[in-house]
Asks: 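Sharing a structure with you now.
Here is how names work: the chains are called A, B, and so on, in the same order as the sequence lines, proteins then strands, and each is numbered from 1.
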There are 2 protein chains.
Amino acid sequence: MSSSNGNNTNYSFLNKYSCSLEATVEVIGGKWKGVILYHLLDGKKRFNELKRLKPNITQRMLTLQLRELEADGLINRKVYREVPPKVEYSLTELGESLRPIILLMMEWATNNMEKVLENRDNDA
Amino acid sequence: MSSSNGNNTNYSFLNKYSCSLEATVEVIGGKWKGVILYHLLDGKKRFNELKRLKPNITQRMLTLQLRELEADGLINRKVYREVPPKVEYSLTELGESLRPIILLMMEWATNNMEKVLENRDNDA
DNA sequence: CTGGATCCCTAAGGATACTG
DNA sequence: CAGTATCCTTAGGGATCCAG
């Protein structure tokens with residue numbers, strides 16, 4: 001039994017989150033995290049590349065979200081010590097494991113978001 | 001061609017969101033929305049049932065999130081005019097369409113959240 | 001039982017300027 | 001180029017009490 005070794009090594013994260021879903025939402029739920037991950041799905045990107053892909057995100061927020069994604073182990077940050085500086089972000093294996101979810105979320109919006117907005121308008 | 005009829009009826013939601021993913025995140029990204037949807041996956045639930053399933057959500061927040069989900073057309077709210085009051089929430093077809101995403105998010109956390117928390121601890 | 005109304009507070013996010 | 005450092009605003013969320 002998994003609980004025979006004193007502390008339960010599996011699913012101990014449920015101490016922090018009362019439900020698995022909460023955890024995933026927290027990990028990719030930041031306003032820009034999902035989008036960043038999405039853009040990294042097709043390969044590594046430099047800081048300014050990401051900023052160009054999302055012009056309405058501020059440098060500050062981009063940096064913050066990248067740092068959090070890095071701290072969670074979802075992305076790698078590779079610094080090239082040159083002048084001018086060059087930093088490349090890429091998905092870790094853990095980040096890669098989110099691919100199906102990201103793609104499904106993209107697809108869902110494409111197929112259903114119009115309806116959602118119609119519904120909102122109707123009872124507005 | 002889809003653009004031949006003057007205004008593009010498809011994907012007009014991209015005026016509001018610069019990326020499909022942002023849209024989906026907004027729809028299920030509320031702190032409790034995903035969890036509520038999850039609990040509705042296996043059938044309709046009453047207000048207090050949901051509250052019992054998530055004791056740490058306040059009545060106010062539960063009400064608010066339910067209202068938003070309803071406004072987006074993801075859930076139905078059926079009021080039984082009796083005393084005491086009885087209200088049942090259930091998924092609409094649109095809400096049902098989120099099932100694969102919800103389940104995938106659950107599964108992802110189960111398989112990967114431990115690693116995420118380890119990563120966080122390590123560079124904390 | 002299912003909320004609504006009110007008050008409050010923190011953390012998420014944004015604007016702007018500066019820097020190695 | 002790839003960030004920090006400040007300052008500021010707001011919306012998300014919580015606590016509590018009231019009500020049909």
Asks: Whole Å only: how far is the NZ atom of B:Lys51 from the P atom of C:dG4?
Replies: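 Those two atoms, NZ and P, are 14 Å apart.
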Asks: Just call it for A:Arg81: base, sugar-phosphate, or nothing, with non-hydrogen atoms closer than 4.0 Å on any strand.
Replies: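 Here A:Arg81 touches no strand at all.
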Asks: Figure out the CE/C1' separation between A:Met61 and C:dT16, and round it to whole Å.
Replies: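 Whole-Å distance recorded here is 15 Å.
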Asks: Do B:Tyr80 and B:Val87 share a hydrophobic cluster, counting only Ile, Leu, Val, Met, Phe, Trp and Tyr and linking them when any side-chain heavy atoms are less than 4.5 Å apart?
Replies: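 As far as the 4.5 Å side-chain criterion goes, B:Val87 and B:Tyr80 are not connected within one cluster.
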Asks: Using 30° and 60° as the class limits, which term best fits the ring planes of B:Tyr17 and B:Phe13: parallel, tilted or perpendicular?
Replies: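 B:Tyr17 vs B:Phe13 ring planes: tilted.
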Asks: Shortest non-hydrogen contact from B:Gly73 to B:Thr92?
Replies: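 Result for this residue pair: O-OG1, 2.6 Å.
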Asks: State whether B:Lys45 and B:Glu88 are salt-bridged, where the test is any N-O pair (Lys NZ or Arg NE/NH1/NH2 against Asp/Glu carboxylate O) under 4.0 Å.
Replies: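 Looking at B:Glu88 together with B:Lys45, the answer is no, because their closest N to O distance does not fall below 4.0 Å.
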Asks: Rounded to the nearest Å, what distance is computed from the CD atom of residue B:Glu22 to the P atom of nucleotide C:dG13?
Replies: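 Distance check: B:Glu22 CD to C:dG13 P gives 12 Å.
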Asks: So which protein nitrogen or oxygen atoms get under 3.5 Å of nucleotides 5-7 of chain C's nitrogens or oxygens?
Replies:
residue	atom	partner	partner atom	Å
C:dT6	O4	B:Arg60	NH1	3.4

Asks: Just checking B:Arg77: base, sugar-phosphate only, or nothing, at a heavy-atom cut-off of under 4.0 Å?
Replies: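 It contacts sugar-phosphate atoms only.
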Asks: Considering all heavy atoms of both residues, which atom of A:Leu66 and which atom of A:Ile75 are nearest to each other, and what is their separation?
Replies: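 Closest approach of A:Leu66 to A:Ile75, heavy atoms only: O-CD1, 3.5 Å.
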Asks: With heavy atoms under 4.0 Å as the rule, sort B:Tyr80 into base, sugar-phosphate or nothing.
Replies: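 Since no nucleic acid heavy atom lies under 4.0 Å of B:Tyr80, the category is nothing.
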Asks: Side-chain donor-acceptor pair under 3.5 Å between A:Ser90 and A:Lys78, yes or no?
Replies: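 A:Lys78 and A:Ser90 do not have a side-chain donor-acceptor pair below 3.5 Å.
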Asks: Between atom CD in A:Glu26 and atom C1' in C:dA11, what is the gap in whole Å?
Replies: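 Whole-Å distance recorded here is 13 Å.
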Asks: Salt bridge check, B:Glu49 against B:Arg46: does any charged N sit closer than 4.0 Å to a carboxylate O?
Replies: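 No, B:Arg46 and B:Glu49 are not salt-bridged.
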Asks: Using a heavy-atom cut-off of 4.0 Å across all strands, would you classify A:Gln65 as base, sugar-phosphate, or nothing?
Replies: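 The residue A:Gln65 makes sugar-phosphate contact but no base contact.
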Asks: In whole angstrom, give the distance that lies between atom CG of B:Leu64 and atom P of C:dT2.
Replies: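 It works out to 17 Å between those atoms.
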Asks: For A:Arg67 and C:dG13, what is the distance between atoms CZ and P respectively, to the nearest whole Å?
Replies: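 Nearest whole value for this atom pair: 16 Å.
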Asks: A:Leu94 and B:Lys115: which non-hydrogen atoms are nearest, and at how many Å?
Replies: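 Looks like CD1-CD, 3.9 Å.
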Asks: For the residue pair B:Glu26 and B:Lys16, establish whether any side-chain heavy-atom pair is separated by less than 4.5 Å.
Replies: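 Yes - at least one pair of side-chain heavy atoms lies under 4.5 Å apart.
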Asks: Between B:Arg77 and B:Tyr89, what is the shortest heavy-atom contact and its length?
Replies: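 In this case the closest contact between B:Arg77 and B:Tyr89 is NE-OH, 3.2 Å.
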Asks: Would you classify B:Lys31 as touching base, sugar-phosphate or nothing, given that sugar-phosphate means primed atoms plus P, OP1 and OP2, and contacts are heavy atoms under 4.0 Å?
Replies: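 Touches sugar-phosphate only.
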Asks: Looking across every strand, which nucleic acid part, if any, lies under 4.0 Å from A:Pro84 by heavy atom: base, sugar-phosphate, or nothing?
Replies: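 Here A:Pro84 touches the backbone only, sparing every base.
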Asks: In whole angstroms, how far is the C1' atom of C:dC1 from the CZ atom of B:Arg52?
Replies: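 The distance from CZ of B:Arg52 to C1' of C:dC1 comes to 11 Å, rounded to the nearest Å.
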Asks: Students should find this one: the first and last nucleotides of DNA chain D, 5' to 3', lying under 4.0 Å from a heavy atom of chain A. What are they?
Replies: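 It runs D:dC1 to D:dT6.
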Asks: Is any side-chain N of the basic residue among B:Glu93 and B:Arg99 closer than 4.0 Å to the acidic one's carboxylate O?
Replies: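 Answer for the salt bridge query: no.
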Asks: When the axes are fitted on five pairs at both termini, how much does the helix from C:dC1-D:dG20 to C:dG20-D:dC1 curve, in 10° steps?
Replies: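 About 60°, once rounded to a multiple of 10°.
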Asks: Whole angstroms only, please: what is the CD-P distance between B:Glu82 and C:dG3?
Replies: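 These atoms are roughly 13 Å apart.
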Asks: If you count the non-hydrogen atoms of other residues, nucleotides and ligands that lie under 6.0 Å from CZ in B:Phe47, is the total more than 12?
Replies: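 Yes.
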Asks: Judged by each residue's nearest nucleotide on DNA chain C, which is more toward the 5′ side, A:Pro85 or A:Thr58?
Replies: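 Counting from the 5' end, the first nearest nucleotide belongs to A:Thr58.
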